[in-house]
Amino acid sequence: MMKGIQDYYPDHFGQCYGCGRLNEHGYQLKTAWDGEETLTRFTPSAYHTAIPGSVYGGLLASLIDCHGTGSAALALAKEKGIQLEGFNAPRCVTGSLQVSYKKPTPIDSTLEIRGIIKEVKGKKVVVEIRLLSKGEVCVTGEVIAIQVPDDFGK
Ligand SMILES: CCCCCCCC/C=C\CCCCCCCC(=O)SCCNC(=O)CCNC(=O)[C@H](O)C(C)(C)COP(=O)(O)OP(=O)(O)OC[C@H]1O[C@@H](n2cnc3c(N)ncnc32)[C@H](O)[C@@H]1OP(=O)(O)O
């Protein structure tokens, strides 16, 4: 599996259900740069069903959520010139999450979640997200992520 910004969060940020590397029950999303965009992949299982053939919308929202905060952390690291090593990644939590379901999301394919950084202003980052299945955009969203201090959650 590719390495993501989540691999550079310290242990107390590694417990997140969506993206914590230490949560054995979670999705363990990995968010990385893909050119100017950010990218996460997730392969749904049959039990992630809404109606047969389509992915449950709440799951799709949580993929957008954690990919958004991870993308924001990548953007802050880039802006501040931080070389990722050890557990030194900037960390963000979700301020707001907006999701728009454009069409049913086929479940029998690996999903691609792509982020575009729209704004970095102080500790606030706005990320626009597209979620694709079989090459088609099924869901769009916007995450406003806010950087928190290093001791947040300790
Ligand atoms: C308390 C529990 C938190 C749990 C966090 C879990 C940690 C996870 C750890 C590790 C995983 C890695 C991370 C993955 C995360 C996964 C996603 C989640 O599930 S996160 C959980 C859901 N989110 C919350 O529970 C946030 C609760 N809210 C807060 O803690 C604060 O309200 C916070 C940090 C979001 C903002 O508080 P301020 O005091 O730092 O912000 P100000 O200084 O007032 O504003 C700065 C800028 O941000 C905007 N802003 C602030 N809050 C906003 C909001 N809610 N929506 C939109 N914009 C907001 C403001 O308008 C301002 O923007 P202008 O500079 O004026 O342009």
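Excluded from the calculations below are hydrogen atoms, water molecules and symmetry mates; all remaining heavy atoms, backbone and side chain alike, are included. Whatever order the structure lists ligands and atoms in, that order sets their numbers, starting from 1.
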Is_contact([atom]), protein non-hydrogen, under 4.0 Å:
atom	value
atom 21 (C) of ligand 1	no
atom 43 (O) of ligand 1	yes
atom 61 (O) of ligand 1	no
atom 27 (C) of ligand 1	no
atom 56 (N) of ligand 1	yes
atom 35 (C) of ligand 1	yes

**OP:** State whether the side chain of Thr40 and the backbone N or O of Lys30 hold a donor-acceptor pair below 3.5 Å, judged by distance alone.
**Re:**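 Yes; judged by distance alone, with no hydrogens or angles, the pair exists.
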Original post:
Okay, side chain of Arg91, backbone of Asp150: is any donor-acceptor separation there less than 3.5 Å?
Top reply: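 Answer holds: yes.
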Subject >> Presence of salt bridge, Asp11 and Arg21, under 4.0 angstrom >> reply: yes
**OP:** Please determine if Arg130 and Glu37 form a salt bridge, counting it only when a charged side-chain N lies under 4.0 Å from a carboxylate O.
**Re:**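 Salt bridge between Arg130 and Glu37, a charged N being under 4.0 Å from a carboxylate O: yes.
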Original post:
Would you call Cys66 a ligand 1 contact, heavy-atom distance under 4.0 Å?
Top reply: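 For ligand 1, residue contact (heavy atoms, under 4.0 Å) with Cys66 is present.
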Original post:
Heavy atoms only: which of Ile146, Leu97, Ile144, Leu29 is nearest to atom 48 (O) of ligand 1?
Top reply: Ile146
Original post:
Between His12, Lys123, His67, Lys124, which one has a non-hydrogen atom sitting closest to atom 41 (O) of ligand 1?
Top reply: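 The option holding the nearest heavy atom is Lys123.
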Which residue and non-hydrogen atom of the protein lie closest to [atom], and at what distance in Å?
atom	answer
atom 66 (O) of ligand 1	Lys121 NZ, 4.0 Å
atom 2 (C) of ligand 1	Phe152 CZ, 4.4 Å
atom 12 (C) of ligand 1	Phe13 CD2, 3.5 Å
atom 53 (C) of ligand 1	Gly95 CA, 4.2 Å
atom 5 (C) of ligand 1	Val93 CG1, 3.6 Å
atom 11 (C) of ligand 1	Cys16 CB, 3.4 Å

Below 4.0 angstrom from a heavy atom of [X], which ligand 1 atoms are there? Numbered from 1 as shown, please.
X	result
Asp65	17 (C), 18 (C), 19 (O)
Tyr9	12 (C)
Ser96	56 (N)

Taking 4.0 Å as the limit for heavy-atom contacts, which would you say applies to [X] with ligand 1: side chain only, backbone only, both, or neither?
X	result
Cys92	backbone
Gln15	neither
Thr94	both

Ignoring hydrogens, what is the shortest heavy-atom contact between [X] and [Y]? Give both atom names and the distance.
X	Y	value
Cys19	Tyr9	SG-CE1, 4.5 Å
Val93	Thr69	C-CG2, 3.9 Å
Arg114	Glu112	NE-OE1, 3.0 Å
Gln6	Thr31	OE1-N, 2.8 Å
Val120	Ala75	CG2-CB, 4.2 Å

Subject >> Aromatic ring proximity, centroids under 6.0 angstrom, His48 and Phe42 >> reply: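 Yes, close enough.
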Original post:
Is there any N or O on Thr69 that sits under 3.5 Å from an N or O of ligand 1?
Top reply: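 No: no nitrogen or oxygen of Thr69 is under 3.5 Å from one in ligand 1.
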Subject >> side-chain contact (heavy atoms from CB on, under 4.5 Å) between Thr43 and Leu111, worked out >> reply: CA-CA 6 Å; Thr43 304; Leu111 309 178; over 6 Å; no
Original post:
Would one find more than 12 heavy atoms of other residues, nucleotides or ligands at under 6.0 Å from atom OH of Tyr56?
Top reply: no
Original post:
Do the side chains of Ile113 and Ile129 get nearer than 4.5 Å, heavy atoms only?
Top reply: yes
